[in-house]
Amino acid sequence: MRSGKIPAVRLCVAILLFVLTGSLASCSVHGCGGDATSVSSVETAEESAAESDPSESSEIEGSSEDVSEAVSSKTVSSEKEVESDKNDVSSETEPPRIMSQPKSASVTRNGSVKISVKAKGEGLQYQWYVKTDPQAAYSARKKLTHATETVKHDGKWSVMFCYCIITDKAGHQTASDAVVITLKQSVNLLAVGDSICRGGRNSRKGFVGDLGYPYVNLGLNGATLSTKETTVTTIPDQLAGAADSNPDIIIADGGVNDYIYNVPLGRVPKTPVSDPNELTRDELRTAMGGLQKLFALMRSKFPHARRYFVITHKTTQRIPKTIDGKYVYTDEDRYVDWTVTKNKAGYTQQDLHDAIVACCRVYDVEVIDIYKKSALNTAEKKYCSDTSYFEDASVTNSAAVDIDGVHPLSKGYSEYYIPLIRKQIKIVQQTGEIPLEILLQPTDKTVSLGNPVTLSLKASGTKLSYQWYYKKADQTSFSKWRKSTNDSETVTPNASWNGIQLYCVVTDGHGDTVQSNTITVKVK
């Protein structure tokens, strides 16, 4: 009889322990009322957590001993109450997930382009935001928008920024990357200069016509920078007489004819002149005076154009024999290297090159230095034959002989001039750097103790970095979140998080910053 009662007692004890264990689990999640000892223990843990980085104190606080003491003074919860409490514990629903971000694009004037985003979620709705002024605020496009949006150019803007906010049926939101739509720029060239620009004696196209852009070529054979020995025209006068237009690029060359005609080099200016009329008659009779007039006209006549000056290749002059009053070119002809030979004015082509570079620097004109950066040097016979000017066998017995040792023809232009010029004036469409802004602000959160919560925002800009700051309910100032932070942080709060405030500072690659809204996290 006694031995039969023992198992029954043990069974009752086991059931009681099972019920107490369930109550203990409920207390560990929601907290239970207790005596002074248990309350003191919890408060001490909260004070310790408040002084630490929240990212390092996200575990549920309180020891098993604390909870046991609390349980001893409370009525054990029923299984029904425990189940009800479990239903109250909610996890944060994830916002829509972007699978494919929109991409920047370009559009023709009065044309259209499509931008699109691909996202995953239920009942998704899309709202695109745009602006054409980097300093202005974004505005929403028409109410009914889709994952793919057609942007039409109205002829009024050169750059448009846009992004999309995606909302699911539960109201959760996410923002796409910001992208930029740019207007495809037309490019018109205006060229002035001498035979190198013009294309020599048997072409009107020259390197200008081979660049692949609409152009006007006003260059003339024999043209000079100075007014001293001109028999054709001056290069500054070519530009002065250009019809009123709006070139995107001005390309000029010149100076070699000034060397040939023994024009004085003149002085390199220390400061630019704004009005060509400021130059004296004597200054204009020098190579540098003519160059100053050319650059001053570029700035005053076409202030918005990009300005380039092409410095001619290293040059020689082939001296032919005179037979019966005619020039006859043979393999025994003498070559005079202008790069080291001073003219009657006392300077070499190297001196001319250095002076032009210095003057371009003063007037903020970009140098396309064929002289220094190409292998084209007609002082060497191999380059004369490789870069023939005339390809007419009737002129000489060899189609590969340069008639005067000075001018390149198609091969010289295609192998030396064109690649360097294209590289230098490479047309870069306006991109419009995406401004630093908060596109989607973080929002207040309410979470059950022990459940994860995600803090997030969306910003636009270049090379972004993020730093979160926090202030717990019993603290007076914000502290830096010491861990490496991102635009999205997922943590599991403990009780000390209740009432915590947070914000994020976003910094771009230029060192500029923007601060998000301050949010509050409540812990149930």
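Predicted model only: the values in this text are computed from it and were never measured. Index from 1, following the sequence.
- Considering only residues two or more places apart in sequence or on other chains, Tyr129 meets the ring-ring contact (aromatic ring centres under 6.0 Å, His included) condition with Tyr163.
- Around atom CD of Gln441, more than 12 heavy atoms belonging to other residues, nucleotides or ligands sit under 6.0 Å away.
- A donor-acceptor pair is defined here as one N or O able to donate and one able to accept, closer than 3.5 Å; such a pair exists between the side chain of Lys131 and the backbone of Ala136.
- Between Tyr503 and Tyr469, the ring planes lie parallel to each other; the angle is under 30°, not in the 30° to 60° tilted range.
- Within the 3.5 Å criterion, the main-chain N or O of Ile181 finds no donor-acceptor partner in the side chain of Ser104.
- Side-chain atoms of His353 and Asp369 include a donor-acceptor pair closer than 3.5 Å.
- Side-chain atoms of Gln424 and Tyr308 include no donor-acceptor pair closer than 3.5 Å.
- Applying the side-chain contact (heavy atoms from CB on, under 4.5 Å) rule to Pro442 yields the partners Leu457, Trp468, Ser516, Ile519; only residues at least two apart in sequence or on another chain are considered.
- Not a single salt bridge (Lys or Arg N to Asp or Glu O under 4.0 Å) links Lys103 to another residue, sequence neighbours left out.
- Phe295 and Phe309 have perpendicular rings, their planes meeting at more than 60° on a 0 to 90° scale where under 30° would count as parallel.
- Side-chain contact, Gln173 with Thr167: a donor N or O sits under 3.5 Å from an acceptor N or O.
- Annotation: salt bridge (Lys or Arg N to Asp or Glu O under 4.0 Å) contacts of Lys471 (sequence neighbours excluded): none.
- With Asp508 contributing its side chain and Leu464 its backbone, the two residues share no donor-acceptor pair below 3.5 Å.
- Defined by atom type and a distance below 3.5 Å, a donor-acceptor pair is missing between the side-chain atoms of Glu122 and His172.
- No side-chain donor-acceptor contact under 3.5 Å links Thr513 and Thr507.
- Side-chain contact annotation: Ser488 with Asn486, donor-acceptor N/O pair under 3.5 Å absent.
- Between the side chain of Gln101 and the backbone N or O of Asp177, at least one donor-acceptor pair lies under 3.5 Å.
- Residues Tyr126 and His146 place their aromatic rings such that the two centres sit no closer than 6.0 Å.
- Here the OH-CD distance, from Tyr371 to Gln350, works out to 3.5 Å after rounding to the nearest 0.5 Å.
- Contacts of Arg141 classified as salt bridge (Lys or Arg N to Asp or Glu O under 4.0 Å), with partners at least two apart in sequence or in another chain: Glu149.
- Here the side chain of Ser456 pairs no donor or acceptor atom with the backbone of Asp487 at under 3.5 angstrom.
- A donor-acceptor pair under 3.5 Å links the side-chain atoms of Ser460 to the main chain of Pro435, judged by distance alone.
- Note on residues 98-125: no pairs pass ring pair (Phe, Tyr, Trp, His ring centres under 6.0 Å), not counting sequence neighbours.
- Distance alone, capped at 3.5 Å, places no donor-acceptor pair between the Gln467 side chain and the Thr485 backbone.
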